[in-house]
J.: 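Got a structure for you, written out below as structure tokens; questions coming shortly.
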Amino acid sequence: MSLAIILDCGATNLRAIAINKKGDIVASHYTRNETVQGVEQADFHTWDFEQIWQKLSLCCKQVMSKLDGQTVSAISVTTFGVDGAPFDAAGHQIYPIISWKCPRTVPVMSQVNQEFKREALYQQNGIGNYSFNTLYKLKWLQDNEQDIYARMDKFIFISSMITKQLTGVVSTDRTMAGTSMLTDLVDGGWNKSAFEYLGLTPDHFAPMVNAGDVIGVVDEAAALVMGLPVGTPVISAGHDTQFALFGSGAEESQAFLSSGTWEILMARSQKPHLSAKELSQGLTVEFDSKEGLFNPAIQWLSSAVMEWVANRFYADVSDCTDKYELMISEAESVPPGCNGVRFDPHFLINDLGKGGGELTGLSITTTRGEIYRAALEGLAVQLCESVDKLTHSCQLKEDSLMVVGGGSRNRLWNQIRADILNRPIQIVDQPESTVIGAAMYAFAGVGEFESPYEAQQAMKPRFNTIYPAHFNAKEEIKEYSHA
């Protein structure tokens with residue numbers, strides 16, 4: 001059976017994974033990824049591309065050594081969004097990749113919002129207020145590295161830096177472009193006003209390629225260091241979020257929740273309604289893996305909040321292997337509403353350096369189990385509010401919510417979500433949905449399937465568990481609400 005090799009450049013790990021046409025992972029290898037200190041200031045963060053390439057090469061060689069001669073039909077690449085680097089006319093990288101972790105662009109966001117008609121730009125490109133957006137990085141380079149900026153012939157996103165190294169071909173993954181704050185939701189191309197503001201033209205980016213397009217083939221130099229067959233087609237993928245959606249089996253207008261340190265509620269939809277209200281609510285919109293569809297999303301801190309609860313109230317069992325089971329079992333004995341304890345999980349720090357979280361309704365008899373359940377309920381209320389916002393913007397189906405990620409393994413949390421949303425929760429039995437989604441497009445790109453949709457039907461995971469709503473808690477939302 002033929003295989004696809006997915007090179008996955010994540011913020012934490014770099015991986016090579018071999019996947020067959022049934023969606024099975026045949027072999028994998030990973031190593032740590034990490035930023036390096038910027039040369040200008042100690043707290044600046046950049047990515048060392050040469051280090052990333054060397055580590056991916058090691059991972060790929062390890063995977064290829066485990067395949068026992070099985071045929072590799074296609075290669076594809078997924079990465080985090082927005083990050084990339086400037087290249088000169090000779091094709092040489094002339095400045096490090098500014099990481100999304102780097103604080104240098106925080107003041108730039110405020111500057112751009114003052115100099116630009118922010119609401120108008122938002123309605124054109126859909127990207128919310130995140131300081132790490134590509135537009136802010138380019139503006140920082142324009143103001144602080146004028147010689148570099150003047151010499152920049154192309155800005156290349158990190159996924160395309162990897163495919164360039166594989167094939168020698170320079171391209172722009174459409175899903176990566178859609179994270180940049182530089183595109184247009186109407187025609188799917190570049191945003192003229194944003195380019196004029198930055199003093200750039202579309203020629204400063206390579207032509208866009210859609211997910212599933214053939215970028216080129218593995219050349220001899222890349223084959224030597226990666227252990228790949230010369231001439232293997234390299235298929236466009238791009239931003240990991242889009243392929244996690246597709247790889248999980250999400251269909252159009254299906255609500256989808258990725259639950260981890262952050263929770264990201266998103267969907268695959270037609271162009272959503274956008275206004276200043278949606279911008280203030282944190283709604284951001286990216287290009288879907290399928291041209292013509294979009295991925296509206298809202299995100300908030302989630303498991304990070306639960307870790308705060310664990311560290312503060314369960315420190316005595318922090319070293320126990322069954323710590324989380326103990327926390328869940330204590331909270332399961334607490335009735336809905338937590339005997340009046342309320343937990344506001346808005347822990348994000350605002351412009352004044354303060355968070356908005358609150359814990360109220362405490363008494364001398366309050367237990368840590370009540371606090372833990374109150375935190376789960378508070379996060380479920382936040383999810384419910386976000387579902388309402390997203391539904392208003394893009395008309396989500398009012399059926400089940402698909403959930404993936406570490407937070408999907410908490411049975412009590414899942415049941416609380418189901419009750420407060422008054423809809424079933426479907427847990428996706430696929431921890432590697434991003435690379436599976438990329439493999440679906442890779443196989444379709446080389447004709448192993450007639451279309452990515454056909455690949456999705458053949459490779460998508462089955463739901464592991466379904467949590468039905470036990471009662472309509474949404475009708476009594478004020479009983480749960482932190483508002």
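For clarity, every value in this text was computed on a predicted model and none was experimentally measured. Just so it is clear, the values below take in all heavy atoms, side chains as well, and ignore hydrogens, waters and symmetry mates.
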J.: Could you check whether Arg411 and Asn414, counting side-chain N and O atoms only, form a donor-acceptor pair closer than 3.5 Å?
T.: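 No donor-acceptor contact under 3.5 Å links the two side chains.
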
J.: Do the side-chain N and O atoms of Asp143 and Gln111 include a donor-acceptor pair separated by under 3.5 angstrom?
T.: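 Indeed, the side chains of Asp143 and Gln111 share at least one donor-acceptor pair under 3.5 Å.
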
J.: Report the residue from Phe80, Trp100, Phe157 that forms a ring-ring contact (aromatic ring centres under 6.0 Å, His included) with Trp47.
T.: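 Between Trp47 and the candidates, ring-ring contact (aromatic ring centres under 6.0 Å, His included) is satisfied uniquely by Phe80.
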
J.: Could you check whether Lys139 makes a cation-pi contact with Tyr197, meaning its NZ or CZ is under 6.0 Å from the centre of the six-membered ring and within 45° of the ring axis?
T.: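 Yes, Lys139 sits over the ring of Tyr197.
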
J.: When the ring planes of Tyr95 and Trp140 are compared, do they come out parallel, tilted or perpendicular, using 30° and 60° as the limits?
T.: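 It falls in the tilted class, 30° to 60°.
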
J.: Among Thr78, Val77, Leu14, Asp240, which one satisfies side-chain contact (heavy atoms from CB on, under 4.5 Å) with Cys9?
T.: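 With Cys9 as partner, side-chain contact (heavy atoms from CB on, under 4.5 Å) holds for just one option, Leu14.
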
J.: Identify every side-chain donor-acceptor pair in residues 200-209 under 3.5 Å, counting partners at least two apart or on other chains, and give the distances.
T.:
| unit_1 | atom_1 | unit_2 | atom_2 | d |
| --- | --- | --- | --- | --- |
| Thr201 | OG1 | Asp203 | N | 3.2 |
| His204 | ND1 | Thr201 | N | 3.1 |
| His204 | ND1 | Thr201 | O | 3.4 |

J.: For the residue pair Phe246 and Tyr441, categorise the inter-ring angle as parallel (less than 30°), tilted (30 to 60°) or perpendicular (more than 60°).
T.: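 It falls in the tilted class, 30° to 60°.
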
J.: Any non-hydrogen side-chain atom of Tyr324 less than 4.5 Å from a side-chain atom of Arg409?
T.: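 Heavy-atom side-chain distance check fails, nothing below 4.5 Å.
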
J.: Check Asn295, Asp173, Asp288, Thr434 against Gln242 for a side chain to side chain donor-acceptor pair (under 3.5 Å) and give me the one that passes.
T.: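 Single side chain to side chain donor-acceptor pair (under 3.5 Å) partner of Gln242 among Asn295, Asp173, Asp288, Thr434: Asn295.
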
J.: If you define the side chain from C-beta out and look only at heavy atoms, does anything of Leu390 sit under 4.5 Å from Pro296?
T.: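 The answer is yes, as the side chains (C-beta and beyond) meet within the 4.5 Å cut-off.
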
J.: Would a 4.5 Å heavy-atom cut-off, applied to side chains only, mark Trp190 and Thr183 as touching?
T.: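 Answer yes - side chains close enough.
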
J.: Just distance, no hydrogens or angles: give the donor-acceptor pairs under 3.5 Å from side chains in residues 28-35, sequence neighbours left out.
T.:
| unit_1 | atom_1 | unit_2 | atom_2 | d |
| --- | --- | --- | --- | --- |
| Asn33 | ND2 | Gly10 | O | 2.8 |
| Thr35 | OG1 | His45 | ND1 | 2.9 |

